[in-house]
Peer 1: 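One structure coming up, written as structure tokens, with questions to follow.
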Amino acid sequence: MYEIKVRDRLMELAGNKDVRLDTPPDNIPGDLSTNAAMVYGLKPQELVAEIEKMDSIESAAVVGPGFINIFLTDETKNREIGEIVKAPGDYAKGIAGGDILFEMVSSNPTGPLHIGHGRGAAIGDALARMYEWLGYKVRREYYVNDRGRQMDLLGESIFNIINGKAAPEQGYKGDYIKDIAAGFDPALNAEECAHKASEIILDTHFKVLKEFRVEYDSKFYETDLIRAGKVEETIDFLKKKGLTYKKDGALWLKTTTYGDDRDRVLVKKNGEFTYFASDCAYHKDKAQRHKEVINIWGADHHGYLDRLEAFWEAAGFKENKRLNDVLYQLVNLKRAGELISMSTREGEFVTLKEVIDEVGTDAARFFLLMRNSDTPLDFDVELAKEENKRNPVYYVQYSHARISSVFKKAGVKPGEVDPSAARQLGKEEDRLIKMVAHFPYILSKCVQLNAPHLLTEYLRDTATAFHKYYDTVKIVGSRKERARLALIMAVKSVIKNGLELVGVSAPDRM
RNA sequence: ACCCUCGUAGCUCAAUUGGAUAGAGCAACGGCCUUCUAAGCCGUAGGUUGGGCGUUCGAGUCGCCCCGAGGGUGCCA
């Protein structure tokens, strides 16, 4: 993990500030580069002298307006490959640590999950996997809003069906509602209908999510929070801090003091808690259980974040706890060149289940992670099903299968590769070696920016680097066969690890 | 009306968060299989980064003003 070591040393030299380690452009020689001297006003020559003291480094030089380009020794690069081969499943594991609660999806138990929820699940779960890999303790939690107006409507909708009445004005009318109602005892009242139906819908959500390879550690019910008196407790807590006031018969929280554009109601004038009130209680509970909280939200919730973050600060959690809200833009489904919008307003959904059934979990997860979360995503269903290089999932998986195939041809089991053979690697391998060795840095960037798409991007680039190498160099039967097998073993494991982190399988044959 | 997120090649997107000559894939055109999987590789072409002004050694990235797209502005969740 020479990149991480060099970066950490640079951070020390810069006075424990965040330092970026770059790869120089193709036309400029060097293995690594940094702009640390320019950014922090350090003397480049002094920095160069310090860098050159490191064992792993051959030389360093100041270039252009003050970039420092770094050359690694061949031994450093080759040793990295040898180390990966020694323990392929451990590469970059445990290099950080912490304790994080992830909340993701948390869709109301009133209707099916659609493809947008899939994006949230894919982002949250991939990040959770990465944090775990790096050594964090992670909990995945689903918050269940089993109370309030939407639940009432669900209950009424079902109650009306089993009693032969028309659905309420704003009620739920989908076929799934009729299917659920069909099994219900007509003696149930609306509240019982809501409860039973929501449990059925929630079970279905977890079944679909499991098929999507997202497994939760816990469910957290809003009604439990209320029953345990946590909402009152939180409101009292805020009252005592002098952060609330009465107006128009309701109780308000002064969120504007902390950056919100208007104050928010905690208790309605009819005495009921708002959704926001229980969410405050929920987040207080989260803060008590974990050091760090990451929430994954659809873009349609972004107007809500200011008030939640205002609460977080008002309650005093901001000082020693971290709240991170990751927002993702909506998903459009593309079929035969036509875009189908998934916005809630259109009311026209394609369910997550349908997409999984059509393209498979591998393609669905990879596609939903290919884009930066703050740009809308066009999900091309037909492309996801194609079996050629146009389809990025196949392209990456194919590189893994191809490597397995080379091992078969060589008559060597991947586990039997000699790590020390990597010492023979040379110039032809340089690019691919550096690509492989970039994996820990990419992971650390993904979690630093909560941006899992950097990993799918990296996997595509690594696959490309391998395919190019494969095409120019003969492995089996060459003089450097043993060394090259070590290298492609390292490539194989990085691709496998990376795919595992995004939740996609790495087949040995295709 | 206000707030948020965006606008990069014909299309879908990157660009290591202010760095070096803005990169990939698809689509178009031309090449490469008696050789480890051609589900692959190589080459050609394609750009005033929506427009303008600014900030500085340096701007796709930061600030302000326009234009355009999407989302949000409940005592709903």
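Just so it is clear, the model here is predicted, and its values are computed rather than measured. In what follows, chains are A, B, ... by sequence order, proteins preceding strands, each numbered from 1. The figures that follow rest on heavy atoms only: side chains count, while hydrogens, waters and symmetry mates do not.
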Peer 1: Reckon A:Y328 has a side-chain N or O less than 4.0 Å from the OP1 or OP2 of B:rU5?
Peer 2: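 No.
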Peer 1: Base, sugar-phosphate, or nothing: which does A:A250 touch, judged by heavy atoms less than 4.0 Å apart?
Peer 2: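 Touches a base.
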Peer 1: Under 4.0 Å, heavy atoms only, any strand: does A:K468 hit a base, just the sugar-phosphate, or nothing?
Peer 2: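 Sugar-phosphate, no base atom in range.
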Peer 1: A:R402 side chain: which of B:rC75, B:rC41, B:rA38 is closest?
Peer 2: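 In terms of side-chain proximity for A:R402, the closest of B:rC75, B:rC41, B:rA38 is B:rA38.
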Peer 1: Where the side chain of A:I28 is concerned, which of B:rA20, B:rA77, B:rC75 is the nearest nucleotide?
Peer 2: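 The listed nucleotide nearest to A:I28's side chain is B:rA20.
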Peer 1: Is it true that, when you exclude A:K286 itself, more than 12 heavy atoms of the residues, nucleotides or ligands shown sit nearer than 6.0 Å to its NZ?
Peer 2: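 Yes, enclosed.
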Peer 1: Which of the following nucleotides, B:rC76, B:rC41, B:rC57, is nearest to the side chain of A:P65?
Peer 2: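 So the side chain of A:P65 is nearest to B:rC57.
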Peer 1: Using a 4.0 Å heavy-atom cut-off across all strands, classify A:V473 as base, sugar-phosphate, or nothing.
Peer 2: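 The answer is base, as A:V473 lies within the cut-off (heavy atoms under 4.0 Å) of a base atom.
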Peer 1: Can you list the steps and then say if A:Q150 with A:N145 is a side chain to side chain donor-acceptor pair (under 3.5 Å)?
Peer 2: CA-CA 9 Å; A:Q150 302 306 321; A:N145 306 127; over 6 Å; no
Peer 1: Applying a 4.0 Å non-hydrogen cut-off, can you work out what A:R509 is touching in the nucleic acid: base, sugar-phosphate, or nothing?
Peer 2: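 Base, at least one base atom sits under 4.0 Å.
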Peer 1: From the list B:rU21, B:rA20, B:rC75, which nucleotide is the closest neighbour of the side chain of A:N27?
Peer 2: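 For the A:N27 side chain, the nearest candidate turns out to be B:rU21.
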Peer 1: As an exercise, state the distance from CD of A:E428 to OG of A:S478, rounded to the nearest 0.5 Å.
Peer 2: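 Answer rounded to 0.5 Å: 9.0 Å.
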Peer 1: Mark yes when over 12 heavy atoms from residues, nucleotides or ligands other than A:E169 sit less than 6.0 Å from its CD; otherwise mark no.
Peer 2: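 No, the 6.0 Å shell around CD holds no more than 12 heavy atoms from other groups.
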Peer 1: By nearest atom, which of the nucleotides B:rC41, B:rA77, B:rU35 is closest to the A:K474 side chain?
Peer 2: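 Among the listed nucleotides, the one closest to the side chain of A:K474 is B:rU35.
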Peer 1: How about NZ on A:K5, more than 12 heavy atoms from neighbouring residues, nucleotides or ligands closer than 6.0 Å, or not?
Peer 2: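 Not buried by this count: 12 neighbours or fewer within 6.0 Å.
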Peer 1: Side chain of A:Q150 only, please: which of B:rC36, B:rA77, B:rC41 is the nearest?
Peer 2: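 Of all the options, the side chain of A:Q150 is nearest to B:rA77.
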Peer 1: Less than 4.5 Å apart, side chain to side chain, heavy atoms only: is that true for A:V447 and A:L443?
Peer 2: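 With C-beta onward as the side chain, the pair stays apart.
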Peer 1: Could you please name the option among B:rC36, B:rA27, B:rC76 that lies closest to any side-chain atom of A:K268?
Peer 2: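 From the listed options, B:rC76 comes nearest.
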Peer 1: Are A:Q397 and A:V504 close enough that some pair of their side-chain heavy atoms sits under 4.5 Å apart?
Peer 2: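 Yes - at least one pair of side-chain heavy atoms lies under 4.5 Å apart.
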Peer 1: Say we look at B:rG63 and B:rU55: how far apart would their P atoms be, to the nearest angstrom?
Peer 2: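 B:rG63 and B:rU55 have their P atoms separated by 15 Å.
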Peer 1: Ignoring hydrogens and angles, answer whether the base of B:rA77 and the side-chain atoms of A:D300 contain a donor-acceptor pair closer than 3.5 Å.
Peer 2: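 Checked by distance alone, the answer is no.
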Peer 1: Calculate, to the nearest 0.5 Å, the distance between atoms OH and CG belonging to A:Y304 and A:D279 respectively.
Peer 2: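 Between A:Y304 OH and A:D279 CG, I get 3.5 Å after rounding to 0.5 Å.
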Peer 1: Restricting to nitrogen or oxygen on both sides, can you table the protein-nucleotides 12-16 of chain B pairs closer than 3.5 Å?
Peer 2:
from   : atom 1 : to     : atom 2 : distance (Å)
B:rU12 : O2'    : A:R371 : NH2    : 2.9
B:rC13 : OP1    : A:P376 : O      : 3.3
B:rC13 : O5'    : A:R371 : NE     : 3.4
B:rC13 : O2'    : A:R371 : NH1    : 2.9
B:rA14 : OP1    : A:N372 : N      : 2.9
B:rA14 : O2'    : A:E457 : OE2    : 3.1
B:rA15 : OP1    : A:H453 : NE2    : 3.4
B:rU16 : O3'    : A:R20  : NE     : 3.4

Peer 1: How is A:N69 classified with respect to the nucleic acid when contacts are heavy atoms under 4.0 Å: base, sugar-phosphate, or nothing?
Peer 2: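 If one applies the 4.0 Å heavy-atom cut-off, A:N69 turns out to touch a base.
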Peer 1: Whole angstroms only, please: what is the CD-P distance between A:E272 and B:rG74?
Peer 2: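 About 19 Å, once rounded to whole Å.
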Peer 1: Could you measure between the two C1' atoms, the one in B:rG50 and the one in B:rG70, and give it in whole Å?
Peer 2: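 After rounding to an integer number of Å, I get 16 Å for this pair.
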Peer 1: Looking at A:R262, I'd like to know whether one of its side-chain N or O atoms comes within less than 4.0 Å of OP1 or OP2 on B:rC75.
Peer 2: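 Yes.
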Peer 1: Taking only side-chain N and O atoms of A:Y470, does any of them lie within less than 4.0 angstrom of OP1 or OP2 on B:rU35?
Peer 2: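 Indeed not, no polar side-chain atom of A:Y470 lies that close.
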Peer 1: Classify A:Y395 by what it touches in the nucleic acid, base, sugar-phosphate, or nothing, heavy-atom distance under 4.0 Å.
Peer 2: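 Counting heavy atoms under 4.0 Å across all strands, the contact made by A:Y395 is with sugar-phosphate only.
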Peer 1: Can you pull the side-chain hydrogen bond (donor to acceptor under 3.5 Å, both in side chains) pairs that have at least one residue in residues 365-374 of chain A, sequence neighbours excluded?
Peer 2: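 Qualifying pairs: A:D125-A:R365.
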Peer 1: Out of B:rU5, B:rG19, B:rC76, which nucleotide sits closest to the side chain of A:R149?
Peer 2: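 Out of B:rU5, B:rG19, B:rC76, the nucleotide with an atom closest to A:R149's side chain is B:rC76.
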Peer 1: For A:Q329 and A:F67, find the nucleotide of RNA chain B closest to each by heavy atoms; which residue's nucleotide sits nearer the 5' end?
Peer 2: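 Mapping each residue to its closest nucleotide by heavy atoms, the 5'-most match is A:Q329.
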Peer 1: Is the glycosidic torsion of B:rC33 within 90° of 0, making it syn, or is it anti?
Peer 2: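 Because its glycosidic torsion lies within 90° of 0, B:rC33 adopts the syn conformation.
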Peer 1: Quiz question: going by heavy-atom distance under 3.5 Å, is there a donor-acceptor pair between the base of B:rA77 and the side chain of A:T110?
Peer 2: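 Looking at the base of B:rA77, it does not pair with any donor or acceptor on the side chain of A:T110 (distance under 3.5 Å).
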Peer 1: I want to check one thing: is the phosphate of B:rC36, taken as OP1 and OP2, less than 4.0 Å away from some side-chain N or O of A:K408?
Peer 2: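 Result: no.
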Peer 1: Establish, yes or no, whether a centroid distance under 6.0 Å links the rings of A:Y143 and A:Y282.
Peer 2: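 Between A:Y143 and A:Y282, the centre distance is under 6.0 Å.
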Peer 1: Nearest-nucleotide wise, let me know which of A:G249 and A:A401 is further upstream toward the 5' end of RNA chain B.
Peer 2: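 Counting from the 5' end, the first nearest nucleotide belongs to A:A401.
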Peer 1: So if I take every side-chain heavy atom of A:S33 and compare against B:rA77, B:rC41, B:rA20, which nucleotide ends up nearest?
Peer 2: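 The listed nucleotide nearest to A:S33's side chain is B:rA20.
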Peer 1: Without decimals, in angstroms, what is the distance between A:Y469 OH and B:rC42 C1'?
Peer 2: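 In whole Å, B:rC42 C1' and A:Y469 OH are 18 Å from each other.
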Peer 1: Could you check whether A:H438 and A:Y441 have their ring centres less than 6.0 Å apart?
Peer 2: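 For A:Y441 and A:H438, the ring centres are under 6.0 Å apart.
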Peer 1: Can you tell which of B:rA77, B:rC36, B:rG74 lies closest to the side chain of A:K409?
Peer 2: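 Side chain of A:K409 sits closest to B:rC36.
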Peer 1: Would you say that more than 12 heavy atoms from the other residues, nucleotides or ligands in this model lie under 6.0 Å from the NZ of A:K268, or not?
Peer 2: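 Yes, because the 6.0 Å sphere around NZ of A:K268 holds more than 12 heavy atoms from other groups.
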Peer 1: I'd like to know if A:H302 reaches the base of B:rG72 with its side chain, counting only an N/O donor and acceptor under 3.5 Å.
Peer 2: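 Answer is no: no donor-acceptor pair is held.
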Peer 1: Where are the stems of RNA chain B, defined as at least 3 consecutive Watson-Crick or wobble G-U pairs with both distances under 3.5 Å?
Peer 2: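 Consecutive-pair runs (3 or more) involving RNA chain B: B:1-7 with B:67-73, B:10-13 with B:23-26, B:28-32 with B:40-44, B:50-54 with B:62-66.
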